[in-house]
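The next block holds one structure in the form of structure tokens; read it before the comments.
Naming convention: chains lettered A, B, ... in sequence-line order (proteins, then strands); numbering from 1 in each chain. Please read these numbers as outputs of a predicted model, since none were measured by experiment.
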Amino acid sequence: MSLVDATRSVTGSRRVPPLLVFGGLGGVLLVYFALPFAVFLGRIGSVPVVETLLQTASRTAVRNSLLTAPAATAIATAFGVPLAYVLARETFPGKRLIEALVVLPLVVPPVVGGAMLLSVVGRFTPIGAAAARVGLPLTDSLLGVVLAQTFVAAPFVVITARAGFGAVDERLEQASRSLGYGPLATFRRVSLPLASRAIVAGIVLTFARAIGEFGATMMVAYNPRTMPTRIWVDFIAGGIDAIVPLALALLAITLVVVATVQRFAGVPTVVEQ
Amino acid sequence: MTLELDGLSHRYGNERALDDVSLALDDGELVALLGPSGCGKTTVVQAIAGHLDPTAGRVSLRGTDVTGVPPEDRNVGIVFQRSTLYPHMTVGENVAYGLKSGDLTAEQVSERVGRYLELVELADRRNASPKSLSGGETRRVELARALAPEPDVLLLDEPLSALDKGLRARLRDEIVRIQQRTGVTTLFVTHDQEDAMSVADRLVVLRDGAVVAAGAPRQLYESPPSRFVASFLGRSNELSAWVDGGDSPTVRIGGTELAADTVPSELVGASRAVVHVRPSDLTMRPAPRSDEPSSGTGTASDRAGASTDGGTSDERPGTIEMRGTVTHVSDVGRRYDARVEVDSGEVVTVERDRDGLRETDRVTVTAAVSDLTAFPTSE
């Protein structure tokens, strides 16, 4: 054994595995995530979960959330995916401005976003008044909830889908065009399936954000209650234990939706070898 | 004419990419569009396929002006440098893709897919995923996919550039075979002069967005029309030449003075010129050192030479002779490349079959005047 080898084996045995430091730092964060979660769930035993959820107020909140969050997600997807495609494919003057606009709802605190929305759709604004006259009030209504949720949650699907389209080589679309497909058929047969993973991820994020939306919703439509606004009301009245049932239900719905969407929708059928 | 480009120009913003490019492909012809990277080759391909709207000029397919026609209505097949097979489809579905946009029945599509996979010898991979294919197989499936709709023109945009050398040569032959079998009019775009020369019936050389030469590969190689073509088509040495007019005009190249009637006629009119000679057309032998008896020269003769033309003597009027010093010898496998600084100060590369030279060796480099190509310069 040469001197170099000997030195190496000695230091080698003392060497700390390089990822240990990273793992340690990351672990601190993980504990910080897990601890409140575990302690909160630990209260389940002392709370009548099922009975609380069966009360009318809780059932209405669950129903309202299940009506509004999917609607907001659908709207965000229908308008957001085309926008994402344009942002991924085109360069035009003012594109940076548009991109900044897309992330604006993420940067603005939701409660401020809600106030901004109110200044446009509030009861005494031209738009809000006109809508109320035809029987579709945009505040304190399910419509108002959807508006608030869409405003806050839509950027997720735009940003994620844009990254997905950006990862599809433009030549694949050009090849499709040269093989006889127009731009729309090419989008449907090539761009969309290849970006579907990213789009689905964006839809899931948007839904999770929408169903948990509180700040903007509280400003635009404190009534009718959604699960987050109900949770706030219950907390004021009864403290932490009072919100355990609805918080659990919210968590369960989000988990089920995320798992279902990822399992069945959009994930492209990978060709078997 | 199957494909005709007429005065095609294109600008990206203020940057000129193509400048008045005109070329025409006959039915069944295989033409190589050759040029260094960034010369506008891809812009030509994009304009022909319709993925780009040229600033000026016309693209015609089978006599019809298609300049404003979208790509899906042009019937142009295209294979790009990087794979564009669809990963969410099988090999067979990829080849069928361009057929389903037409009005063929399901059986006709299936039969056509089989036929074209047969043509590229991949019939057994029909149900495979594109991800499981090797680099060469991927290229062949792309050829099949581009050819299956039976396009008027096949565009191959650097189809071999991403492959390693051995595979490259094999696939090159494969492309020629498939092109001959199908008879499809093909534009083969490449920056590699070896690829271009070995496949093409005709060569079009592009430089800075303009066509600088067109013709049969061998003809362009042997009598290049410009200094750029001479150095771009294979390797070339440049030597300066001075012409001395008078009653019996002479030309001086690398220290050798020649009577004007022995040199290429292009030289006579100009006062200065640049002369090109291929490294393989130069021969070299050790020069006698000044302190050595000159009798050593003959026996130590060590001529390398692809083009040794018998017993050329030093005084023979058909050759130029330059004394020089070897500055570097590199072993490139099947030959040696020696760099020699000749006493006029210019540096030439000489190809040799054998080793046996060292740096600082004195040598004599000779070239036959018939192997020189001259380009008069203005100054």
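Residue Arg82(B) touches chain A through its side chain alone, counting heavy-atom pairs closer than 4.5 Å. Using a 4.5 Å cut-off between heavy atoms, Asp157(B) contacts chain A through its side chain alone, with no backbone atom that close. Within the 4.5 angstrom heavy-atom criterion, only side-chain atoms of Gln46(B), from C-beta onward, approach chain A. Neither the backbone nor the side chain of Leu99(B) comes within less than 4.5 Å of any heavy atom of chain A. The part of Phe80(B) that comes within reach of chain A is its side chain, from C-beta onward, which places non-hydrogen atoms under 4.5 angstrom from that chain.
Between Arg11(B) and Asn14(B), the shortest heavy-atom distance links the atoms NH1-O, 3.4 Å.
Per-residue heavy-atom pair counts under 4.5 Å with chain A were compared for His51(B), Lys100(B), Glu142(B), and the maximum is reached by His51(B).
A side-chain N or O of Ser110(B) and one of Arg126(B) form a donor-acceptor pair less than 3.5 Å apart. Between the side chains of Ser191(A) and Glu173(A), at least one donor N or O lies within less than 3.5 Å of an accepting N or O.
Taking the ring centre of Phe187(A) as origin, the terminal cationic atom of Arg89(A) falls outside the region bounded by 6.0 Å and 45° from the ring axis.
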side-chain hydrogen bond (donor to acceptor under 3.5 Å, both in side chains) evaluation trace for Glu29(B) with Thr186(B): CA-CA 6 Å; Glu29(B) 220 183 353; Thr186(B) 304; over 6 Å; no
